[in-house]
Trainee: 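Shown below is the structure under consideration.
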Amino acid sequence: QGRIREKAYGKQKIYFADQEQLPAASDAELRGLDGEITALSTKVQALQQSCRQMEAELKELNSSMTTLEMAKEIEELRKDCTSYAEKLERIKSATNHVTPEEKEKVCSEQKLYCKEWRRRKRMATELLEAILEGYPKSKKQFFEEVGIETDEDHNVTLPAAV
């Protein structure tokens with residue numbers, strides 16, 4: 001009927017409506033259609049913006065707690081507060097507090113023991129190094145034969161010097 005036209009581009013063919021049979025629009029009609037397109041585009045943008053705002057509000061509302069959840073949370077916090085208050089009272093009323101003198105005594109003993117530990121470890125290390133100078137095998141083999149276990153074998157470290 002001549003309403004559809006064909007164009008060939010290499011192996012491809014494109015079919016489209018024959019626009020010569022359509023009535024031509026005047027400049028006034030084209031300007032009117034352009035204005036309508038602009039108005040509708042503005043309306044679409046406004047609606048999209050409104051939709052984004054509503055989605056953000058929905059997301060915020062979905063992520064917030066409900067009244068029941070909030071009541072449960074408040075109840076749990078009150079229970080925690082009560083248990084902490086009771087624990088604080090038990091600690092305050094306890095009679096077995098450590099006096100500053102006892103604390104100082106324990107700290108000084110720890111320092112003394114750590115100092116002795118370092119001194120003995122240094123002496124043992126020096127002695128073993130002296131033996132290993134004339135020993136034909138490796139340090140690891142010597143320790144295995146003699147049965148020596150080091151602090152490092154058991155992941156033990158000296159406390160930091162205070």
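Small disclaimer: the values here were computed from a predicted structure and weren't measured.
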Trainee: Could you please spell out the steps behind the side chain to side chain contact (heavy atoms under 4.5 Å, CB included) verdict for L112 and E116?
Mentor: CA-CA 6 Å; L112 176 72; E116 189 64 23; 5.7 Å; no
Trainee: Heavy atoms, side chains only, cut-off 4.5 Å: are V106 and E102 in contact?
Mentor: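 They are not in side-chain contact.
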Trainee: Where do R90 and K87 land on the side chain to side chain contact (heavy atoms under 4.5 Å, CB included) test, with the steps shown first?
Mentor: CA-CA 5 Å; R90 284 196 308 271; K87 187 176 180 179; 3.8 Å; yes
Trainee: Is a side-chain donor or acceptor of D153 paired with a backbone partner of T150 at a separation under 3.5 angstrom?
Mentor: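 Such a contact is found between D153 side chain and T150 backbone.
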Trainee: Just wondering, do E109 and K105 contact through their side chains at under 4.5 Å, heavy atoms?
Mentor: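 K105 vs E109: side chains touch.
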Trainee: What's the separation between atom CZ in R5 and atom CD in Q19, rounded to the nearest 0.5 Å?
Mentor: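 The CZ atom of R5 sits 9.5 Å away from the CD atom of Q19.
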Trainee: Does Y113 share a hydrophobic cluster with L158, counting links as ILVMFWY side-chain heavy atoms below 4.5 Å and allowing steps through other members?
Mentor: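 In one cluster with Y113: L158, no.
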Trainee: If you round to the nearest 0.5 Å, how far is CD of E29 from CD of E36?
Mentor: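 Reported to 0.5 Å precision, the distance equals 11.5 Å.
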Trainee: Can you check side chain to side chain contact (heavy atoms under 4.5 Å, CB included) on K79 and E76, steps first, answer last?
Mentor: CA-CA 5 Å; K79 287 179 184 176; E76 288 177 19; 5.7 Å; no
Trainee: Determine whether R78 and I74 make a side-chain contact, defined as any pair of heavy atoms from C-beta on separated by less than 4.5 Å.
Mentor: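 They are in side-chain contact.
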Trainee: Between W117 and T157, which heavy-atom pair has the shortest distance, and what is it?
Mentor: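 Heavy atoms of W117 and T157 come nearest at CH2-O, 4.0 Å.
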Trainee: Is it the case that one hydrophobic cluster holds both L68 and M65, taking links as side-chain heavy atoms less than 4.5 Å apart, direct or via other members?
Mentor: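 No, L68 does not connect to M65 through the hydrophobic network.
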Trainee: Taking atom CZ of F16 and atom CD of E6, what is their separation to the nearest 0.5 Å?
Mentor: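 The CZ atom of F16 sits 9.5 Å away from the CD atom of E6.
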Trainee: Is there a donor-acceptor pair under 3.5 Å between the side chain of Q12 and the backbone N or O of Y9?
Mentor: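 Absent.
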Trainee: When rounded to the nearest 0.5 angstrom, what distance separates CE in M54 from CD in E57?
Mentor: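 Between M54 CE and E57 CD, I get 8.0 Å after rounding to 0.5 Å.
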Trainee: Is there a path of hydrophobic side-chain contacts, each under 4.5 Å between heavy atoms of I, L, V, M, F, W or Y residues, that connects V146 with I131?
Mentor: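 Yes; tracing contacts between hydrophobic side chains, which count when under 4.5 Å, links both residues.
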Trainee: What distance do C114 atom SG and R119 atom CZ have between them, rounded to the nearest 0.5 Å?
Mentor: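 Here the rounded value is 14.0 Å.
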Trainee: Donor-acceptor pair, T42 side chain versus T38 backbone, under 3.5 Å?
Mentor: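 A pair under 3.5 Å: yes.
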Trainee: Near R120 CZ, under 6.0 Å, is it more than 12 heavy atoms from other residues, nucleotides or ligands?
Mentor: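 Counting other residues, nucleotides and ligands, CZ of R120 stays at 12 neighbours or fewer.
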Trainee: Show the numbers, then the answer: is there a salt bridge (charged side-chain N to carboxylate O under 4.0 Å, His left out) between E152 and K121?
Mentor: CA-CA 12 Å; E152 291 77 19; K121 183 173 181 172; 3.1 Å; yes
Trainee: If you count the non-hydrogen atoms of other residues, nucleotides and ligands that lie under 6.0 Å from CD in E60, is the total more than 12?
Mentor: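 No, CD of E60 has 12 or fewer neighbouring heavy atoms, counting only those of other groups under 6.0 Å.
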Trainee: For the CG atom of L132 and the CG atom of L127, what is their distance to the nearest 0.5 Å?
Mentor: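 The distance works out to 9.5 Å.
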